Amino acid sequence: MKSGFAAAIIEWQAQHGRHDLPWQREPVDPYCVWLSEMMLQQTQVVIVIPYFERFIACFPTIQKLATAQPDQVMALWSGLGYYRRAQYLHAAAKLIIDDYGGTMPDHVDGLMRLPGIGRSTAGAIVSLAWNRPAPMLDSNAKRVLCRHQAVSEDSGKILWQTAQDHVPCHDARAYTQGLMDLGSMICGARAPLCPNCPVGATCKAWNSNSIGDYPKRKSLRARKLVEVFWGVAVNSAHSCIWLQKRPLHGIWAGLWSFPDFSNEKESKRWLYEIGSPHRPVVQSYPAKDHKLTHRHLRIYPAVAKVNSGTGVGAFADEGWIHVADLANLALPAPVRVLCDELLGSVNTGCCG
DNA sequence: AACTCGGGGAT
DNA sequence: ATCCCAGAGTT
């Protein structure tokens, strides 16, 4: 259908929307659109751009990604969070090469069979990559549609139907991009700029002066405080630091971090072991608070400078890591920060 | 329906 | 401090 709503969004997007994002470069590459959608889940454009540029420079095609080492893929995701997304992306790339003849599915159902791609991401990819009609319902679209239709229910059924109903037959790319641009630039969560909105004339929330009621507030739950004790062994003479790979389930699955213990005594005991036969001086570092969506980590690093240990090139799942290799390792954000404080600049690298 | 899974920007 | 963000998968 061709509604006035869609037409207004499309026209507004052409005039005021974003046209210079890295994944919009012509000719539009479906793989780039897919990568961007994966990276953008639950985060923001300004955060993603440098990660996207590094990733696409290293893995410019699905083929390159499919044959990449998992550790290298994870390293390029290091700091971005929600690391399962990187594993899904990598697994999906392999599926496309091995089972799909190297061709990305170009329809919603096919895309949704790939790991990490849900209904919204599939719809975004179909419309943005191939300019074909498909509904998309990210948080921008949700907010715009909730307000425009004055929908207070949080159940997805109504909103998905609404999203489906508004998708235009033509210019699906501009429409989807326009919904996202509008949600981020005009119909924002905080202070919507309704007088500038291209669909304000038909917005039920705006016209009933009840913009603040939509979308419905999510009830937030208190973060649980979790105390973690890190054993941080540093060999300054060799510029290396001891890290181990985390378990494959739970927080920071498969990323490299410091050995963690449930109390300070255990972390210090471990430091004396790794430092033997010398007896390292263990100093307690200031606690670091790291807040996640539903946890509040209070990290107590115990730091010891030890003489044993040198950088090792071939490691299994733990060992001395040279400062130069940290750039190409998947480290959780607070781990990279602490490495940086102890050894100097440890930025995320590109390729090896 | 309720959880899990990160991190940082904006106010 | 609090809220939010181009969500998906599991239980």
Side-chain angles (χ1 to χ4, degrees), chain A residues 17-18 21-24 32-52 74 77-89 91-92 111-129 134-144 153-157 159-160 163 173 176-185 187-192 212 215-224 226 246-255 257 288-297 330-337 348:
Chain A
R18 295 172 288 194
L21 298 171
W23 43 91
Q24 292 177 316
C32 287
V33 173
W34 171 32
L35 174 62
S36 74
E37 288 301 324
M38 292 299 292
M39 285 190 161
L40 285 159
Q41 286 172 11
Q42 291 301 101
T43 186
Q44 298 169 356
V45 169
V46 287
I47 306 288
V48 162
I49 287 177
Y51 286 90
F52 176 88
M74 297 308 291
W77 213 272
S78 177
L80 192 52
Y82 285 148
Y83 298 97
R84 268 189 313 179
R85 293 179 295 169
Q87 296 167 359
Y88 290 146
L89 177 73
L111 286 166
M112 285 182 69
R113 283 187 213 114
L114 295 173
I117 302 182
R119 193 171 175 185
S120 182
T121 299
I125 293 172
V126 167
S127 54
L128 295 176
M136 175 271 319
L137 198 59
D138 70 341
S139 55
N140 288 311
K142 269 184 193 165
R143 196 168 48 253
V144 171
E153 286 93 336
D154 204 8
S155 108
K157 192 171 168 70
L159 279 177
W160 269 110
R173 174 181 294 150
T176 290
Q177 188 63 51
L179 269 183
M180 300 196 279
D181 292 345
L182 189 66
S184 113
M185 299 165 66
C187 195
R190 250 167 246 291
K216 199 178 67 175
R217 295 277 207 199
K218 295 171 193 169
S219 62
L220 65 96
R221 288 172 301 110
R223 264 190 286 258
K224 183 182 175 186
V226 178
R246 291 183 55 82
L248 296 179
H249 296 288
I251 189 77
W252 300 328
L255 274 69
S257 182
K288 295 171 163 295
D289 282 339
H290 188 75
K291 293 191 175 73
L292 294 79
T293 301
H294 42 287
R295 266 181 252 180
H296 178 164
L297 299 183
L331 307 179
V335 174
R336 193 172 295 281
V337 168
T348 302

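In what follows, chains are A, B, ... by sequence order, proteins preceding strands, each numbered from 1. What you see is a predicted model; the values in this text were computed from it and never measured.
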Quick one: which of [options] gets closest to the side chain of [X]?
X      : options             : result
A:I47  : C:dG9, C:dA6, B:dG9 : B:dG9
A:R223 : C:dA8, C:dT2, C:dA6 : C:dT2
A:W252 : B:dC5, B:dG7, C:dA6 : B:dG7
A:H290 : C:dA8, B:dG7, B:dG9 : B:dG7
A:Q44  : C:dG7, B:dG9, B:dG7 : B:dG9
A:E37  : B:dG7, C:dA8, C:dA6 : C:dA6
A:P334 : B:dG7, C:dC4, C:dA8 : B:dG7
A:H294 : C:dG7, B:dT4, C:dA6 : B:dT4

If I take atom [atom1] in residue [X] and atom [atom2] in nucleotide [N], what distance separates them, rounded to the nearest angstrom?
X      : N      : atom1 : atom2 : value
A:L248 : B:dT4  : CG    : C1'   : 16 Å
A:L80  : C:dG7  : CG    : C1'   : 13 Å
A:L292 : C:dA1  : CG    : P     : 16 Å
A:L255 : B:dC5  : CG    : C1'   : 12 Å
A:Q87  : C:dT10 : CD    : C1'   : 15 Å
A:I117 : C:dG9  : CD1   : P     : 9 Å
A:R84  : C:dA8  : CZ    : P     : 12 Å
A:R85  : C:dA6  : CZ    : C1'   : 10 Å

**Asked** Do A:R18 and C:dA6 have a side chain to base donor-acceptor pair shorter than 3.5 Å?
**Response** yes
**Heavy-atom donor-acceptor pair, A:R190 side-chain to C:dC3 base, under 3.5 Å** = yes
What does [X] touch in the nucleic acid at a heavy-atom separation under 4.0 angstrom: a base, only the sugar-phosphate, or nothing?
X      : answer
A:L35  : nothing
A:T293 : base
A:S120 : sugar-phosphate
A:W23  : base
A:L128 : nothing
A:Q177 : base
A:V45  : base
A:G183 : nothing

Whether [X] contacts [N] is assessed here as follows: a side-chain N or O lying under 4.0 Å from the phosphate OP1 or OP2. Is that the case?
X     : N     : result
A:Q42 : C:dG7 : yes
A:T43 : C:dA6 : no
A:Y82 : C:dG9 : no

**Asked** Is it true that a side-chain atom of A:W77 and a backbone atom of A:G81 form a donor plus acceptor pair closer than 3.5 Å?
**Response** yes
**Prompt:** More 5' along DNA chain C: A:Q24 or A:P115, using each one's nearest nucleotide?
**Reply:** A:Q24
**Complete:** Judged by nearest nucleotide, the residue sitting upstream toward the 5' end of DNA chain C, A:S139 or A:A189, is A:A189
**Prompt:** Going through the checks in order, is the side chain to side chain contact (heavy atoms under 4.5 Å, CB included) test met by A:L35 and A:L89?
**Reply:** CA-CA 8 Å; A:L35 174 62; A:L89 177 73; 3.5 Å; yes
Does any part of the side chain of [Y], heavy atoms only, come nearer than 4.5 Å to the side chain of [X], both counted from C-beta?
X      : Y      : value
A:R18  : A:M185 : yes
A:Q177 : A:Q24  : yes
A:K224 : A:H296 : no

**Item:** Between B:dG6 and C:dT10 - P atom distance, rounded Å
**Value:** 15 Å
**Prompt:** Which whole number of Å gives the distance between the P atom of B:dG8 and that of C:dA8?
**Reply:** 23 Å
**Prompt:** Hey, mind stepping through A:M112 and A:T121 against side chain to side chain contact (heavy atoms under 4.5 Å, CB included) and telling me if it holds?
**Reply:** CA-CA 8 Å; A:M112 285 182 69; A:T121 299; over 6 Å; no
**Message:** So, taking the atom named CG in A:L40 and the one named CH2 in A:W23, what distance separates them when rounded to the nearest 0.5 Å?
**Reply:** 4.5 Å
